[in-house]
Amino acid sequence: MVYNTMSRTKEPLVTMRAGELRMYSCGVTVYDLSHVGHAKMMIVFDVIARYLRFAGYRVTFVRNFTDIEDKIIRRANEEGVPAREISERYIAAFREDIAALGVQAPDVEPKATDHVPEMLALIERLVAGGFAYVVDGDVYFEVRRFPAYGKLSGKNLDELLAGARVDVDDRKRDPRDFALWKAAKPDEPSWPSPWGPGRPGWHIECSAMAMRYLGPSFDIHGGGEDLIFPHHECEIAQSEAVTHQPFARYWVHNGFVNMGKEKMSKSLGNTLTIRDIVKRHDPEALRLWILGTHYRHLLEWSDERVHEAAVALARLRRPIEYAAPYAASETFRAAHEHPVPAEFAAFSRRFVEAMDDDFNTPEALAALFDFSSALLGKSLSPQALVTGAAELQRLARVLGLLQRDAQPAPPDVLRLMDERVAARAQRDFRRSDELRAEIQRLGWLVEDTPEGARLTRKSG
RNA sequence: GGCGGCGUACCCAAGUGGUUAAGGGAGCGGACUGCAAAUCCGUUAUGCGCCGGUUCGAAUCCGGCCGCCGCCUCCA
């Protein structure tokens with residue numbers, strides 16, 4: 001089941017082509033560093049894509065870059081460099097940031113400026129079909145000609161007009177009409193067009209790129225909830241006016257990350273960049289924190305909550321650390337080929353059921369935590385522990401968690417461990433404790449167990 | 001004003017008609033330990049913003065009220 005903004009209900013997921021799923025999600029406008037809000041959106045759609053693949057779909061995932069836009073141009077003019085330099089700079093920064101978050105690259109990452117011909121073709125068809133009109137080199141979509149306008153956001157045209165704070169531009173036939181093409185102003189990048197040099201409006205790029213890579217009608221279209229109106233509403237209008245078929249079947253929108261009670265936004269100056277967060281938190285902890293709340297719900301930024309997630313992550317990971325020595329040994333080399341014990345099947349089933357229910361990651365995580373407890377609690381056979389831990393990791397990876405295998409300790413840590421074992425044998429606990437503290441400084445935790453001391457990497 | 005969302009324990013957060021209201025964090029008591037850590041056991045909501053109603057039965061449905069938030073303008 002997937003919650004569809006269009007119907008405002010959860011609907012069974014039925015793809016247009018059996019076994020195949022085509023998905024488009026609106027990317028970022030590259031004029032500045034990305035913040036936690038972007039991180040949430042990227043992680044949410046990363047998990048959706050991962051899960052759909054896990055569930056057996058052949059997924060084609062497209063996510064664009066908006067690399068021509070007012071704010072990019074303004075910034076370029078401020079710095080006295082070409083717009084392209086700004087967009088390239090922040091595309092590179094964006095890629096670095098989300099790679100640090102473990103977000104997998106989509107199948108296609110188109111840039112708006114590489115698809116101007118496709119946009120022009122679309123606009124020409126809209127003009128030819130009477131859905132758009134030209135004024136002084138600008139081209140506007142005439143909302144009145146598309147009666148379904150408002151169907152996604154639940155707005156009706158009259159109310160839109162009543163509360164209209166839209167820019168009053170008398171050249172437009174109606175204040176609600178939106179720009180498909182903007183005539184070039186001095187000092188702006190421009191492309192030739194049948195209506196003179198200019199640049200594309202914001203909405204048309206997504207229609208053009210989605211259609212180019214996914215066809216006129218595809219399965220899932222996603223983005224932040226703020227894009228429902230006007231962005232996605234406009235995409236639907238301009239696309240469906242041309243194609244006469246549903247642009248996307250399912251509209252999926254993620255909830256925001258707030259700073260305190262306020263929305264995070266550049267204009268309020270309360271953004272927190274991904275880079276700043278990654279400096280002080282394990283990226284997987286950030287991911288766990290984000291996935292601990294349903295994707296459609298609002299999240300309030302808190303360093304404390306992310307820290308708690310780091311602690312929880314260590315717990316989740318523990319069975320993998322415990323299983324590592326066995327898994328590495330010769331005897332269990334083929335452990336992955338052993339079937340997962342039946343007693344663990346319930347956890348996998350619960351995980352899948354949760355994810356099938358509109359990507360309910362909090363519930364899926366609960367299943368993983370219970371799984372983890374089951375692996376830690378009873379004294380399992382090494383074989384059960386190894387296969388169970390492998391299954392736990394396989395599921396966690398669908399959420400982008402527990403990506404790393406347990407790592408062997410470096411030689412200097414092992415040397416200190418040997419020293420500590422010797423000290424303890426002589427009941428020299430003072431020395432033993434010193435060594436334990438020393439090892440901790442190197443990033444490893446020492447746990448004494450009946451089977452001897454165990455080393456685990458410190459996390460969070 | 002229009003549209004939408006939220007209010008569940010000390011904190012975060014699932015659950016949207018039916019056994020004892022998930023899970024994580026935090027606290028407290030205990031076991032284990034040389035001490036720890038980890039783990040385990042016990043414990044912290046007879047109640048899910050408030051008031052009514054429907055029902056054999058509601059956190060879940062309906063009505064009203066209170067509080068918080070988002071969109072309607074660039075925004076993930």
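All of these numbers come straight from a predicted model, not from anything done at the bench. In what follows, every chain begins at residue 1, and chains take the letters A, B, ... in the order their sequences are listed.
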Handout entry: Sugar-phosphate only, base, or nothing, as touched by A:Phe256 at under 4.0 Å among non-hydrogen atoms
Key = base
Determine the Euclidean distance between corresponding C1' atoms of B:A22 and B:G15; express it in Å to zero decimal places.
7 Å
Using atom P of each nucleotide, how far apart are B:C41 and B:G23 to the nearest Å?
-> 12 Å
Hey, does A:Asp70 reach any base, or is it just sugar-phosphate, or nothing, if we go heavy atoms under 4.0 Å?
nothing
Within the structure shown, what part of the strands sits under 4.0 Å from A:His253 by heavy-atom distance: base, sugar-phosphate, or nothing? nothing
| said: Under 4.0 Å, heavy atoms only, any strand: does A:Arg454 hit a base, just the sugar-phosphate, or nothing? | reply: nothing
B:G5 and B:C62: how far apart are their P atoms, nearest whole angstrom? 11 Å
Applying a 4.0 Å non-hydrogen cut-off, can you work out what A:Met42 is touching in the nucleic acid: base, sugar-phosphate, or nothing? nothing
Students often get this wrong, so: under 4.0 angstrom with heavy atoms, is A:Arg75 touching a base, only sugar-phosphate, or nothing? nothing
Using the C1' atom on both, measure B:C50 against B:A13 and round to a whole Å.
23 Å
- Phosphate OP1/OP2 of B:G70 contacted by A:Asn258 side-chain N/O (<4.0 Å): no
Note to self: Could you check whether A:Asp276 pairs with A:Arg280 (Lys NZ or Arg NE/NH1/NH2 to Asp/Glu carboxylate O, under 4.0 Å)?
What the structure shows: no
Taking the P atom in each of B:U46 and B:C51, what is the distance between them to the nearest angstrom?
15 Å
Review point. What distance, rounded to whole Å, do you find between the two P atoms, one in B:C11 and one in B:G18?
Key: 27 Å
Parsed dot-bracket for RNA chain B after applying the Watson-Crick and G-U rules with both distances under 3.5 Å and | for other-strand partners is ((((((((.[[[..)..(....]]]((((((.......))))))....[[[[[..)....]]]]])))))))....
**Asked** Taking the side chain from A:Glu233 and the backbone from A:Lys151, do they hold a donor-acceptor pair closer than 3.5 Å?
**Response** yes
Looking at A:Glu205 and A:Pro200, would you say the former's side chain and the latter's main chain have a donor-acceptor pair under 3.5 Å?
no
Quiz item: When only distance counts, do a donor and an acceptor, one from the side chain of A:Asp448 and one from the base of B:C32, lie under 3.5 Å apart?
Solution: no
_When the C1' atoms of B:U20 and B:G47 are compared, how many Å lie between them, rounded to an integer?_
13 Å
Between A:Glu321 and A:Arg454 (salt bridge meaning N to carboxylate O under 4.0 Å), is one present in this structure?
no
Per ring pair (Phe, Tyr, Trp, His ring centres under 6.0 Å), A:His203 is matched among A:Phe178, A:Tyr140, A:Phe229 by A:Phe178
Expressed as a whole number of Å, how far does the P atom of B:G24 sit from that of B:C61?
27 Å
Please confirm whether any donor atom in the side chain of A:Arg315 sits under 3.5 Å from an acceptor in the base of B:A38, or the reverse. no
Looking for any heavy atom pair under 4.0 Å, which part of the strands does A:Phe369 touch: base, sugar-phosphate only, or nothing?
-> sugar-phosphate
Is the shortest side-chain N/O distance from A:Arg318 to OP1 or OP2 of B:A37 below 4.0 Å? no
What one should report as the nearest heavy-atom pair of A:Leu455 and A:Leu414 is CD1-CD2, 4.1 Å
Over all strands shown, is A:Glu304 touching base, sugar-phosphate only, or nothing at heavy-atom distances under 4.0 angstrom? nothing
Answer yes when A:Glu78 and A:Arg75 have at least one side-chain N-carboxylate O distance shorter than 4.0 Å, and no when they do not.
no
- Using a cut-off of 4.0 Å on non-hydrogen atoms, how would the nucleic acid contact of A:Thr456 be classed: base, sugar-phosphate, or nothing? nothing
Select base, sugar-phosphate, or nothing to describe what A:Val44 touches, counting heavy atoms under 4.0 Å on all strands.
nothing
| query | Under 4.0 Å between a side-chain N/O of A:His297 and OP1 or OP2 of B:A14, yes or no? | reply | yes
Query raised in the report: What nucleic acid atoms does A:Gly292 come within less than 4.0 Å of, heavy atoms only: base, sugar-phosphate, or nothing?
Result: sugar-phosphate
Tell me if the side-chain of A:Arg436 makes a donor-acceptor pair with the base of B:C35, cut-off 3.5 Å, by modelled atom types. yes
Is there a donor on the side chain of A:Arg8 or the base of B:G4 sitting less than 3.5 Å from an acceptor on the other? no
Ranking B:A13, B:C12, B:A38 by distance to the side chain of A:Glu447, first place goes to B:A38
Salt bridge A:Asp418-A:Arg415, side-chain N to carboxylate O under 4.0 Å: no
